[in-house]
Amino acid sequence: MNKTKHIFCVALLFSVSQAISANSPQQTFPETLSKQGSPVEALEFHAEDMQYKQLEAQAKQRIKLFSTKLKSALVGAIQEDGFKHAVSVCKDQAPAIAQELSNDGWTISRTSMKVRNAENAANDWEQTMLEKFEQRYKAGELASNLHTSTLENESYKYMQAIPTGELCLACHGKSVDPSLLQHIQTNYPSDKATGFTLKDIRGAFVVTSPVLKNLD
Ligand code: HEC
């Protein structure tokens, strides 16, 4: 199968899976799709399905590690010397941990529709996906169930919404302590990341894979 045809098949598979996932929080692949066409095509669809699942599993694993490391830095800093100190720790540690876990061709980052650090601003695809997450959240889905993925420039991209927990409200909520808020705004003069309520979509993790070499 040539590269263009292959990418087309992958794109087709993804658009079908996304259409399906729009109705269900779990991304599933249609059994019937692999039964259409010749047996060879069916096998190729199965191969893509497997590769896709492996990439998703790896992306999720990186997110789990990133999230655990961030939370332990945050909680450690709060326990050590309160929320203001934790803001400074977040400022140093969040980008450092993201960089540390962006290796072997993979990248991991966080973004949001309302960013604290402008470096985390969403690109076009991320912004569109955040808007779709927001629509699904407003329609009743849990932020913790929202995720999506795509193939872009021969690299796999996975995005997963981050729900706002109780702890997060101290620095991202509707009534941040005035002195803490001042400290945040001194560090982040164009901060937009307040006003969230419990379970809101605070933002999303974004993971990109290395270029997929076996796409031809
Ligand atoms: C002590 C205050 C504090 C708490 C508590 C806190 N954050 Fe943040 N958050 C920050 C700071 C500071 C940044 C900017 C980090 C940087 O410079 O990259 C940030 C950035 C973020 C970002 C990246 C997007 C952006 O706005 O730049 C996300 C997503 C995020 N926080 C989610 C959360 C979640 C979810 C929780 C609860 C588990 C939480 N935060 C708790 C201070 C806090």
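In each ligand, atom 1 is the first atom listed, and ligand 1 is the first ligand listed.
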Do any heavy atoms of Ile162 fall under 4.0 Å from ligand 1?
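Distance cut 4.0 Å: Ile162 passes for ligand 1.
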Would you check whether Asn120 has a nitrogen or oxygen atom less than 3.5 angstrom from a nitrogen or oxygen atom of ligand 1?
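Yes - when backbone and side-chain N and O of Asn120 are compared with those of ligand 1, one distance drops under 3.5 Å.
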N/O of Asn117 under 3.5 Å from N/O of ligand 1, yes or no?
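For ligand 1, there is an N or O atom that lies under 3.5 Å from one belonging to Asn117.
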Using a strict 4.0 Å cut-off to heavy atoms of [X], name the atoms of ligand 1 that fall inside it.
X	result
Cys171	1 (C), 2 (C), 3 (C), 4 (C), 5 (C), 43 (C)
Pro163	35 (C)
Leu167	5 (C)

If only atom types and distance count, is the side chain of Ser102 paired as donor or acceptor with the main-chain N or O of Thr107 below 3.5 Å?
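Here the side-chain-to-backbone pair does not exist.
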Is the side chain of Gln185 donor-acceptor paired with the backbone N or O of Gln182 at a distance under 3.5 Å, no angle test?
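A pair under 3.5 Å: no.
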When you measure from [atom] to every protein heavy atom, which one gives the shortest distance, and what is it?
atom	value
atom 25 (C) of ligand 1	Arg116 N, 3.3 Å
atom 30 (C) of ligand 1	Arg110 NH1, 3.3 Å
atom 14 (C) of ligand 1	Tyr188 OH, 3.4 Å
atom 32 (C) of ligand 1	Arg202 CG, 3.3 Å

Under the side-chain hydrogen bond (donor to acceptor under 3.5 Å, both in side chains) criterion, do Gln127 and Glu131 qualify, and how do the steps go?
CA-CA 6 Å; Gln127 180 67 26; Glu131 283 165 13; 2.9 Å; yes
Please say whether more than 12 non-hydrogen atoms of neighbouring residues, nucleotides or ligands are located less than 6.0 Å from CD in Gln99.
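No - once you tally the heavy atoms of other residues, nucleotides and ligands closer than 6.0 Å, there are 12 at most.
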Validate the cation-pi geometry between Lys64 and Phe205: distance from NZ or CZ to the six-membered ring centre under 6.0 Å, angle to the ring axis within 45°.
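No, a cation-pi geometry is absent between Lys64 and Phe205.
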List, one per line, each side-chain donor-acceptor pair under 3.5 Å for residues 159-178, sequence neighbours excluded.
residue	atom	partner	partner atom	Å
Gln160	OE1	Tyr158	OH	3.2
Thr164	OG1	Asp200	O	2.9
His172	ND1	Ala193	O	2.8
His172	ND1	Arg202	NE	3.2
Asp177	OD2	Ser179	N	3.2
Asp177	OD2	Leu180	N	3.1

Proximity winner for atom 38 (C) of ligand 1, if only heavy atoms of Ala94, Cys168, Ser67 are counted
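Checking each option, the heavy atom nearest atom 38 (C) of ligand 1 is found in Cys168.
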Qualifying residue, where the test is side chain to side chain contact (heavy atoms under 4.5 Å, CB included) with Ser109 and the options are Leu101, Thr208, Asn120, Val206
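Answer after filtering Leu101, Thr208, Asn120, Val206: Val206.
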Could you walk me through whether Val207 and Ile63 pass the side chain to side chain contact (heavy atoms under 4.5 Å, CB included) check?
CA-CA 8 Å; Val207 179; Ile63 290 174; 3.6 Å; yes
Atom 8 (Fe) of ligand 1 to His172: any N/O/S contact under 2.8 Å?
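Yes - counting backbone and side chain alike, His172 has an N, O or S atom under 2.8 Å.
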Side chain, backbone, both or neither: which applies to Leu74 and ligand 1 if a contact is any heavy-atom pair less than 4.0 Å apart?
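Contact part for Leu74 vs ligand 1: side chain (C-beta onward).
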Test log, rule side-chain hydrogen bond (donor to acceptor under 3.5 Å, both in side chains), inputs Asn117 and Arg110
CA-CA 10 Å; Asn117 183 343; Arg110 293 182 302 169; over 6 Å; no
